[in-house]
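Just so it is clear: chains get the letters A, B, ... in the order the sequence lines come, proteins before strands, and each one is counted from 1. These figures come from a predicted structure and were not determined experimentally.
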Number of protein chains: 2
Amino acid sequence: MVARGQARPTLRDVAERAGVSVSTASLVFSGKGPVAEATGERVRAAALELGFTGPNPLASSLRQGRSGAIGVIVEGRLRMAFRDPFAIAVLDGLAEVLETVPTGMLLIGQPSGSGDAVVHQLAPLALDAVVFSLCGPGENPAVAHLAARGIPMFSTGVPGDRRITQVRVDERAAGAAIARHVQDLGHRRVAHVAMPMLPTSVAGPVPGDEVDPSETHVPSVGRLLGFRDVFGPDAPAVQTGDGSSFEGGTIAGRALLDVPERERPTAVVAQSDVIAAGVILAAEELGLRVPEDLSVTGFDGVDLPWLPHRLTTMDQHGREKGRILGTLVRKRLDGTRPRNVTQPVELRVGTTTAPPR
Amino acid sequence: MVARGQARPTLRDVAERAGVSVSTASLVFSGKGPVAEATGERVRAAALELGFTGPNPLASSLRQGRSGAIGVIVEGRLRMAFRDPFAIAVLDGLAEVLETVPTGMLLIGQPSGSGDAVVHQLAPLALDAVVFSLCGPGENPAVAHLAARGIPMFSTGVPGDRRITQVRVDERAAGAAIARHVQDLGHRRVAHVAMPMLPTSVAGPVPGDEVDPSETHVPSVGRLLGFRDVFGPDAPAVQTGDGSSFEGGTIAGRALLDVPERERPTAVVAQSDVIAAGVILAAEELGLRVPEDLSVTGFDGVDLPWLPHRLTTMDQHGREKGRILGTLVRKRLDGTRPRNVTQPVELRVGTTTAPPR
DNA sequence: GGTTCGTCTCGAATCGATTCGACTCGAAAC
DNA sequence: GTTTCGAGTCGAATCGATTCGAGACGAACC
């Protein structure tokens with residue numbers, strides 16, 4: 001045990017005490033290079049006596065040029081970000097792989113619209129790579145900064161910068177596939193509830209000029225386009241003001257459903273499971289039964305234990321996505337330069353869709 | 001822009017180009033010490049030309065003995081930990097304060113029962129402090145390791161080691177207070193749903209030997225004791241097998257409620273809001289209305305947007321708790337040695353409690 | 001006996017900054 | 001005209017490891 005306030009022992013102290021050189025002591029702890037059994041024993045004993053807990057990570061990192069940490073940039077307040085179970089699933093898969101390296105995950109919250117503030121937060125941080133997770137559409141000032149520092153970047157679609165290695169989903173095809181499922185059931189009056197098209201979008205109908213057809217890699221845009229590939233370019237769509245949120249879904253649901261029956265859609269295709277759950281609440285508040293009076297679909301394939309339905313959804317395999325992300329990061333740190341990946345998705349039919357009455 | 005594969009420019013390169021010494025260049029970036037306006041300008045220009053994005057964080061950290069990151073140890077898989085909205089609120093408050101330092105939060109998942117594995121994960125990480133969040137009862141091997149390294153530790157009650165600075169709640173008093181509210185409403189047959197007493201606890205009735213009255217700082221233990229202070233030492237209590245979880249609440253709820261009416265409790269006091277929500281689901285599955293047929297209370301005071309009730313609960317002000325934790329960390333890094341803090345809690349009466357019929 | 005080889009150990013250079021004390025120089029004070 | 005002072009700059013030491021090339025030594029081989 002080390003006396004309080006006293007300087008922590010260094011490798012040099014240990015080496016001195018064990019009667020070996022610093023380089024030999026280093027070899028003992030790193031395990032590289034041959035060391036005689038007896039020498040190793042002496043060094044370890046000295047370390048124990050002095051309360052040396054291993055090489056100073058900072059010094060070691062400096063020498064090796066590795067910090068052992070990757071940054072995870074989440075947009076908006078942490079609380080909001082972590083309300084999204086899909087995001088958490090991705091993070092979980094990521095952590096699973098990184099633990100084996102081992103590499104830590106440094107959380108970096110980026111209050112949206114905070115502009116360059118994130119750069120000041122990032123600048124003093126030693127990171128081996130950065131993952132953009134839980135980020136919405138739009139440019140991100142962090143990208144330029146990190147690119148200049150030569151830090152490898154990864155994301156799940158947004159930001160869509162070419163300097164970022166991506167694990168994507170064919171959002172448009174996936175959006176079309178689930179829309180087609182609804183269409184095949186016989187629905188004709190179908191509405192869409194989207195996540196915001198732009199960082200500046202406000203809740204309500206999606207304005208035409210917010211949809212940029214070249215941005216299909218942005219989930220909200222791609223899924224909307226897929227939906228319209230099936231139900232036509234003018235099929236009704238509203239967006240939430242706050243990403244994938246239950247409240248956003250409820251509000252959108254009320255707006256869509258609290259109308260005379262003949263105008264009311266018989267199905268709602270939502271861009272996330274959480275939004276879909278919100279829509280279902282809105283429907284039930286209005287006395288509509290799901291799926292008898294209204295079919296609802298989600299997107300993501302997350303587990304919503306409190307939802308008394310099995311949602312029809314497009315399973316994105318969030319955890320697996322995180323694992324893939326982790327593998328890419330690992331490979332990159334090993335020196336290979338991985339290419340973008342496209343992940344398959346899978347339609348999972350639950351109990352929230354049925355033919356219209 | 002730096003050519004790919006080329007070495008990143010260092011402070012030395014910048015100094016050379018600007019025609020000043022390295023020390024002067026350092027002063028320009030750190031802002032300490034006087035530098036002539038013109039010199040500063042020259043150095044910044046040189047930096048821009050070379051694509052120098054600021055001093056290497058690793059080198060800087062080594063010199064200053066600060067890494068700019070604190071560790072956040074979460075027990076169990078990330079996914080599980082982040083399912084707990086209270087934990088997220090705390091993290092959110094913590095982040096809010098740390099952002100201003102600025103200091104990053106390094107997430108360290110500690111699969112429960114993994115024993116010393118966490119030490120291997122921790123050892124190569126440079127951390128200025130560590131916060132134990134989302135940890136259950138029981139010893140934690142990380143504590144000894146971090147203590148030996150002289151890294152300041154903080155927690156919200158568990159682990160309860162003396163080497164850790166604590167932000168606590170008087171769990172027992174809080175547990176008693178909410179129990180008393182239920183008692184005052186007139187309930188006499190009241191059951192308790194607890195989080196696990198021990199890391200090894202399994203779902204079901206709480207065995208007497210798992211309750212150590214000296215461990216009132218452990219939330220599950222303290223709250224149970226508080227409950228029994230009001231309803232007597234033998235008042236029925238079951239525990240979940242997996243902490244604060246909705247499913248755990250549902251399972252416990254079914255066990256407690258699916259019995260003949262005369263044996264059925266008229267109120268259930270749960271140790272967390274999420275558990276309470278699970279109990280409510282169980283009740284509704286059995287055709288019981290809340291609060292008419294069954295009163296249910298929670299604990300934490302989190303926001304459960306999907307729950308169609310306002311839960312009667314003990315508000316722990318999670319975000320504020322996180323902020324306090326952050327302030328303690330900051331103070332400690334500034335050199336003062338903060339003392340433990342006890343946070344007040346507040347009973348919030350909602351729509352899930354009523355007098356028994 | 002002289003090479004060769006392998007094992008083990010070591011000294012010195014290095015990673016990229018920060019910081020302290022010393023030095024220079026021009027302006028102000030006496 | 002000297003002394004004093006402060007602003008600005010710099011060289012060198014330092015943070016605590018890792019790593020490379022070289023050296024020592026004993027064993028095996030011809």
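- Results of the side chain to side chain contact (heavy atoms under 4.5 Å, CB included) test with B:L122 over B:V130, B:I73, B:L106, B:I151 single out B:I73 as the only residue that passes.
- At the heavy-atom level, B:S30 lies nowhere under 4.0 Å from the strands shown.
- Between A:T156 and A:F132 there is no side-chain heavy-atom pair separated by less than 4.5 Å.
- For the pair B:A59 and B:T24, nearest-nucleotide mapping onto DNA chain C gives the more 5' position to B:A59.
- Heavy atoms of B:V20 sit under 4.0 angstrom from primed sugar atoms or phosphate atoms, though from no base atom.
- As judged by a 4.0 angstrom heavy-atom cut-off over every strand, A:P55 is placed among residues touching the sugar-phosphate backbone only.
- For the pair B:L27 CG and C:dG16 P, the interatomic distance rounds to 20 Å; values are reported in whole Å.
- For the pair B:K32 NZ and C:dT19 C1', the interatomic distance rounds to 9 Å; values are reported in whole Å.
- Side-chain contact check for A:I88 versus B:R83: every heavy-atom pair is 4.5 Å or farther apart.
- Between A:S60 and D:dA17, a side-chain N or O to OP1/OP2 separation shorter than 4.0 Å is absent.
- If B:T39 and A:L11 are placed on DNA chain D by their nearest nucleotide, the residue sitting closer to the 5' end is B:T39.
- In this structure, B:F29 atom CZ and C:dG16 atom P are separated by 15 Å, rounded to whole Å.
- Atom CD of A:Q64 and atom P of D:dC15 are 20 Å apart (whole Å).
- Counted by atom type alone, B:R330 and B:T100 present one or more donor-acceptor pairs between their side chains at under 3.5 Å.
- At a threshold of 4.0 angstrom between heavy atoms, the contacts of B:S61 with the nucleic acid are absent.
- Following rounding to the nearest Å, B:L62 (CG) and C:dT14 (C1') show an atom-to-atom distance of 12 Å.
- As judged by a 4.0 angstrom heavy-atom cut-off over every strand, B:V22 is placed among the base-contacting residues.
- The distance from atom CG of B:L58 to atom C1' of D:dT18 is 14 Å, rounded to the nearest whole Å.
- At a threshold of 4.5 Å between non-hydrogen side-chain atoms, the residues A:S26 and A:L11 count as touching.
- Minimum atom distance to the side chain of A:R63 is reached by C:dA13, of the listed C:dG16, C:dA13, D:dG11.
- In this structure, A:T10 reaches the sugar-phosphate backbone alone: every heavy-atom distance under 4.0 Å involves primed, P, OP1 or OP2 atoms, never a base.
- Between the side chain of A:S23 and the base of C:dG11 there is at least one donor-acceptor pair of N/O atoms closer than 3.5 Å.
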